[in-house]
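Residue numbers run from 1 in the order of the sequence given.
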Amino acid sequence: GSVGVAFFLHNTGWTDRLASGITDYGGAGGIANHVFRNNIIRVGKYVIEMKRAYPVILDYNLYFTSDPTKFGKYNDVNYMSLAALRAAYPVLEPNGRQGDPLLLADLTPSSASPAVDAGLYVAGVNEGFMGLAPDIGAVESGATGTFYILTLQAQGLGTTDPAPGTYSYLQGSSVSVRATPGPGWQ
């Protein structure tokens, strides 16, 4: 089961097969404490299929199923649309979208895609977005050039801003890093 928070950010899941997207069949702990944001989920069955209601964050995702008779199954109840799921569970996907993601062959959102400029800014994850807001999905529309990876590691006492972790930046981005030593460290 889940023992902590797990983040699923900026992924693109695509299949034409009869498969579900975010899935949990009710095992011990399930996907409790998971956070799904800025993901595209395009499947041939349910975009969400969860046996029970969990404390999970689903928001700013784009969903599409090629089966118009299915959208989601949550807490073992079928929902025909994102609007119907939201009506039953207002905290799920208040900023989510339903529709064909209109992706290009390399999974980049086309200019007409509902994923363009529809994502949530997440510090340390999507600083290099092009447009008014980050795109939903794994690939940013219009992003060209070289991306660089910055990995921050901390040893001993103190803090860094941003926090230790791995960050991606588009070439030419300005990056500020601050390290504050703890007591007894320089």
Set of side-chain hydrogen bond (donor to acceptor under 3.5 Å, both in side chains) partners for [X], sequence neighbours left out:
X: Arg97; answer: none
X: Asn11; answer: Asn39
X: Asn38; answer: His10
X: Asn78; answer: Tyr46

Once you round to the nearest 0.5 Å, how far does NZ of Lys45 lie from OG of Ser66? 12.0 Å
Kindly compute the distance separating CD1 (Ile136) from CG (Asp117), expressed to the nearest 0.5 Å. 10.0 Å
Correct closest heavy-atom pair for Val43 and Ser20 would be CG1-C, 4.0 Å
Leu102 and Ser113: which non-hydrogen atoms are nearest, and at how many Å?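 That closest heavy-atom pairing would be O-CB, 3.8 Å.
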Parallel, tilted or perpendicular, as decided by the 30° and 60° cut-offs, for the rings of Tyr63 and Phe71: perpendicular
Do [X] and [Y] touch side chain to side chain, with heavy atoms closer than 4.5 Å?
X: Ser81; Y: Gln98; result: yes
X: Leu103; Y: Thr108; result: no
X: Asn95; Y: Leu120; result: no
X: Leu58; Y: Ile48; result: yes

Partners passing salt bridge (charged side-chain N to carboxylate O under 4.0 Å, His left out) against Arg17 (at least two apart in sequence or in another chain):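 Testing Arg17 for salt bridge (charged side-chain N to carboxylate O under 4.0 Å, His left out), a comparison that skips the adjacent residues, returns none.
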Less than 6.0 angstrom separating the ring centers of Tyr74 and Tyr79, yes or no? no
What pairs meet the salt bridge (Lys or Arg N to Asp or Glu O under 4.0 Å) rule with one or both residues in residues 53-78, with sequence neighbours excluded? Lys51-Asp76, Asp67-Lys70, Lys73-Asp76
